[in-house]
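Report on one structure; see the data block that follows.
All heavy atoms count here, side chains included; hydrogens, waters and symmetry mates do not. Residue numbering restarts at 1 for every chain, and letters A, B, ... go by the order of the sequence lines.
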Amino acid sequence: MFEILRREELAGGTIILNEISAPFIAKKAKPGQFVILRATENGERIPLTMAETDPEKGTITIIYQVVGKSTALFKTLKVGDRYLDVVGPLGKPTEIEKVDGHVVCVGGGTGVAVLHPITRALKEIGNHVVAVIGARTKDMIILEDKMKEASHELFVCTDDGSYGHHGFVTDVLKDLIEKRDVRLVVTIGPVPMMKVACEITRPHKIKTIVSLNPIMVDGTGMCGCCRVNVGGETKFACVDGPEFDGHLVDFDELSARLKSYVEQEKIAYEKFKCECHA
Amino acid sequence: MAKKETLPRQPMPEQPPEERIKNFKEVPLGYTPELAMKEASRCLQCKNPSCVKGCPVGVDIPGFIRLIREGEFAKAIRKIWEKNSLPAICGRVCPQENQCEGSCVLGKKGKPVAIGNLERFAADWEREHGTGELPPKAAPTGKKVAVVGSGPSGLTVAGDLILKGHEVTVYEAFHKGGGVLVYGIPEFRLPKDIVASELNYLERLGVKFEYNIVIGRTITVDELFKMGYDAIFIGVGAGLPRFLGIPGENLVGVYSANEYLTRSNLMKAYLFPEYDTPIAKGKNVVVIGAGNVAMDSARTALRMGAENVTIVYRRSREEMPARLAEIHHAEEEGIKFMLLTNPLRFIGDAHGRLRGMECIKMELGEPDESGRRRPIPVEGSNFEIECDLAIISVGAGANPLLAKNTPGLKLNKWGYIMVDPKTNKTYKKGVWAGGDIVTGQATVIKAAGAGRIASNSIHDYLTLGW
Ligand SMILES: Cc1cc2nc3c(=O)[nH]c(=O)nc-3n(C[C@H](O)[C@H](O)[C@H](O)COP(=O)(O)OP(=O)(O)OC[C@H]3O[C@@H](n4cnc5c(N)ncnc54)[C@H](O)[C@@H]3O)c2cc1C
Ligand code: SF4
Ligand code: FES
């Protein structure tokens, strides 16, 4: 179990795709759900939302950015290697609904990988879906072709203007809201991006779904590590989410909690890099 | 007779407090055979032993103690096994003062027989000196049983039913087996090698363990039946942390005990950076609550290098639910107790990190539903304490994940699974439940006892019918 059957490097090797054999999970998983993975006996449990599942083949696909020790370790795994533990599917699936106007799916960074199956499902049940994806620069854009296929229209943005629209995905969102009858927004990516997107849609009262990625341990509602403040109530993202009504989420608290272990993360990553060079 | 009575209770050698707060090694070191035999000789061998009535599973206590006194250690452990499948664990973590030792006649005038220490001795002796010979297994019945959860209740069911000839598979959500024994109770109180050796014993008997499977998510209970299981036992524990519901609870530095202990024990964060999982190191630590979980959290924080660790509890010393031994150990190690005190809010800095806690003094009023005197706030007695790490350990509730995805079960108003207490059958045919998911957070021995009741009933069902 948990053998890596396919491995791709995206965005110049900073983003990695792994297709993993996990038949039980593949059979059950729905868009929006996540798994928790561990590579080694002394490793950490890392939650990642699935980008793709293939129930027939019995595989799931994850796409992650190398940001620290654990993802750097994952990156060293080759085709044929195995993850030690993969547990899932966890969290609630996305509620795929048909709305009267347009749906805009806004993704940044590796959030696009998570957004892709949701975008496709929203199109499949008959919505007119506009997708907006972005990254810092051209080389960091991922899944452009897939997102094109999954939507009716695709806008691509880069912060530095090296490709597509020069600017943020949220600028395009603002524009779309002014020009179209947007009834639903799904936005997945870095916390600041999701926060801005929610501020844009709030005055228009457009329903806005976000997918949150707080720090987790068990992923089954047992520890409360993943708690987020949603409309003044504490929710556990691993069982009550990971998707929430973005207008109710306290993003500042989420950002603070995501920084709980910055010091330790640095130590672990530095140690890993040293060991790799040694 | 008179001579026996004057022999004092033999204390168990321990690591001295100033040394042990710097390591995670076990605190009590165990009896030597001589000490064990000496302690065993204190037992009066009562005809109508009250200690046995105090034991939730009815271990033949005078019976095994007599065997220890006679130096028949291998026989002593087999005597215990008749009723208790996890003696190395229970000898270490049972609240003996409320159970067997609390009922021992010697306790009326002096100190009770150290039954827990003797139980632990017999189990440790077997693990270190025993032949490892497996008990005989009944002929295969061709029946298949799934056990959900690998805590003490599930392990007991698995051990019982494999010996009766059934095929047993344990499904566990975590990547390691043992339930609270591995993720909750720290190494210095229950070495993980001991839990591993219990699991290893079951594996050698032929029990299969499937980790990383969340029943209700990865596979549902109904799907387990479709996969060919004839009976299912649910022992998923009370895995839902309770919070206080006060302002500031989501500040960085505020943990549930479940999270704090899982990071430290299961993920071995106390060995960071050898192990990757991080954990906050507090300088001034407060632990809210006074049960075993609170003592474990406080003593872990101390070993992680905290300068001050304070237990904050809204009732008084008499009401503290922890085992006496743990309270005693905590005090010896320098944990402070701030009793009759209730937190009102957590106070954060500009970065959303914990820097203090506002509390109020309490006094005891009339007894409440639990029979304990109800704590009431003392008007105007608010004060602040400085802290950078707070661990909330005020109990656990029923985790709804499995029940929500299992039609046919009946739950009580708190979400615990309802069973027939004589058999531990649930309202769903072919499904049994036991342990904390039925009773709410209780004890290891009660969970193991519930497993024993269920396994007897499951065996009857598989051989005779529902
Ligand atoms: C920190 C701490 C200290 C304690 N100290 C003591 C003590 O000193 N003495 C004492 O007697 N008792 C103590 N207790 C209480 C005791 O540990 C519990 O009462 C006992 O472990 C309950 O056993 P159980 O079999 O019901 O479940 P648990 O031990 O809770 O095990 C349940 C298992 O099921 C798994 N699980 C949950 N949901 C699923 C699912 N959907 N699918 C698959 N697997 C699942 C969990 O991961 C877990 O491994 C303590 C508890 C804690 C938390
Ligand atoms: S009550 Fe005490 S003295 Fe009597 S049999 Fe039990 S342990 Fe021995
Ligand atoms: S990760 Fe533990 S409760 Fe959500």
Side-chain angles (χ1 to χ4, degrees), chain A residues 1-2 22 24-25 27-29 33 35-36 38-46 68-70 73 84-91 215 217-229 234 236 238-239 250 252-265 267-268 270-272, chain B residues 172-176 183 210-214 216-220 223 236-243 245 249-263 266-269 271-281 348-353 392 396-397 399-402 404:
Chain A
M1 281 228 268
F2 312 142
F24 279 119
I25 303 174
K27 217 160 73 188
K28 273 280 156 60
Q33 290 188 300
V35 289
I36 289 185
R38 219 163 65 107
T40 58
E41 191 45 52
N42 52 4
E44 213 181 340
R45 292 168 66 94
I46 300 290
K69 150 93 201 244
S70 293
L73 180 72
L84 189 59
D85 305 299
V86 182
V87 58
L90 301 171
I215 301 174
V217 181
D218 61 300
T220 62
M222 191 279 274
C223 74
C225 169
C226 62
R227 59 198 192 277
V228 286
N229 183 336
T234 293
F236 291 180
C238 69
V239 283
D250 183 340
D252 296 338
E253 182 188 286
L254 176 66
S255 299
R257 291 187 63 78
L258 281 167
K259 291 191 198 104
S260 298
Y261 299 108
V262 269
E263 298 298 317
Q264 287 99 322
E265 278 160 15
I267 295 171
E270 287 309 316
K271 182 169 167 276
F272 178 76
Chain B
E172 168 57 50
F174 268 132
H175 53 263
K176 216 181 232 144
Y183 79 68
E210 296 285 351
Y211 295 113
N212 298 312
I213 300 218
V214 184
R217 284 268 202 239
T218 322
I219 304 173
T220 63
E223 283 165 341
V236 293
L240 183 76
R242 278 214 192 104
F243 286 91
E249 214 157 17
N250 293 350
L251 288 167
V252 175
V254 181
Y255 282 71
S256 76
N258 273 9
E259 181 190 349
Y260 187 73
L261 292 171
T262 302
R263 284 182 180 273
L266 179 74
M267 305 311 294
K268 304 233 180 295
L271 297 174
F272 180 88
E274 257 45 78
Y275 281 71
D276 295 342
T277 303
I279 193 164
K281 280 194 187 180
D349 66 12
H351 306 287
R353 292 181 175 253
I392 299 171
N399 188 316
L401 195 141
L402 179 137
K404 247 191 336 214

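Between chain A and the residues B/H351, B/K268, B/E223, the most heavy-atom pairs under 4.5 angstrom are made by B/E223. When each of A/K27, A/E253, A/R38 is checked for heavy-atom pairs under 4.5 Å with chain B, A/R38 comes out on top. Counting heavy-atom pairs under 4.5 Å between each of B/T220, B/L240, B/T277 and chain A puts B/T277 at the top. Ranked by heavy-atom pairs shorter than 4.5 Å toward chain B, the options A/I36, A/V86, A/I267, A/V87 are led by A/V87. Among B/E249, B/M267, B/E259, the residue with the largest count of heavy-atom pairs under 4.5 Å with chain A is B/E259. Contact count against chain B (heavy-atom pairs under 4.5 Å) is highest for A/S260 among A/S260, A/A268, A/A256. Per-residue heavy-atom pair counts under 4.5 Å with chain A were compared for B/T218, B/L266, B/L251, and the maximum is reached by B/T218. Comparing A/Q33, A/M222, A/Q264 by heavy-atom pairs within less than 4.5 Å of chain B, the highest count is held by A/M222. Contacts with chain A were tallied for B/N250, B/V254, B/I219, B/V214; B/N250 has the most, counting heavy-atom pairs under 4.5 Å.
Two residues are said to be in side-chain contact when any heavy atoms from C-beta on lie closer than 4.5 Å; B/P273 and A/K69 fail this criterion. Proximity of A/L258 to A/I215: side-chain heavy atoms (C-beta onward) are separated by under 4.5 Å at one or more points. Contact annotation: the side chain of B/Y211 never approaches that of A/D85 to less than 4.5 Å [non-hydrogen atoms, C-beta and beyond]. The shortest side-chain heavy-atom distance between B/I279 and B/Y255 falls under the 4.5 Å cut-off. A heavy-atom distance below 4.5 Å is not found between the side chains of B/F243 and A/T234.
Only the side chain of B/N399 comes within contact range of chain A, with heavy atoms under 4.5 Å apart. When heavy atoms are compared at a cutoff of 4.5 Å, A/R45 approaches chain B by way of both its backbone and its side chain. For A/L90, the parts lying under 4.5 angstrom from a heavy atom of chain B are both the backbone and the side chain. In this structure, no portion of B/L261 lies under 4.5 Å from any heavy atom of chain A. With a threshold of 4.5 angstrom between heavy atoms, A/V239 approaches chain B through its backbone and through its side chain. Of the two parts of B/T262, only the side chain, counted from C-beta on, holds a non-hydrogen atom closer than 4.5 Å to a non-hydrogen atom of chain A. Neither the backbone nor the side chain of B/I392 comes within contact range of chain A; no heavy atoms are under 4.5 Å apart. Using a 4.5 Å cut-off between heavy atoms, A/C226 does not touch chain B at all. Proximity to chain A is limited to the side chain of B/L401, based on heavy atoms less than 4.5 angstrom apart. With a 4.5 Å cut-off on non-hydrogen atoms, B/H175 touches chain A through its backbone and its side chain both. Heavy-atom distances place the side chain of B/Y183, and not its backbone, under 4.5 Å from chain A.
The CZ atom of A/F2 lies 5.5 Å from the CD1 atom of A/I25; values are rounded to the nearest 0.5 Å.
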>> I'd like to know whether B/N258 forms a side-chain hydrogen bond (donor to acceptor under 3.5 Å, both in side chains) with B/S256, so could you lay out the CA-CA distance, the side-chain angles of the two residues, the decisive distance to 0.1 Å, and finally the verdict.
In response: CA-CA 5 Å; B/N258 273 9; B/S256 76; 5.4 Å; no

>> Between B/K176 and A/E41, does the salt bridge (charged side-chain N to carboxylate O under 4.0 Å, His left out) criterion hold? Intermediate values first, please.
In response: CA-CA 10 Å; B/K176 216 181 232 144; A/E41 191 45 52; 3.6 Å; yes

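A salt bridge does not link A/E265 to A/K259: none of the charged side-chain nitrogens sits closer than 4.0 Å to a carboxylate oxygen. Using a cut-off of 4.0 Å between Lys/Arg side-chain N and Asp/Glu carboxylate O, A/E263 and B/K281 are scored as not salt-bridged.
With sequence neighbours left out, A/K271 forms a salt bridge (Lys or Arg N to Asp or Glu O under 4.0 Å) with A/E275, B/E274.
Remark: the backbone N or O of B/G352 is not paired with any side-chain donor or acceptor of A/R257 at under 3.5 angstrom.
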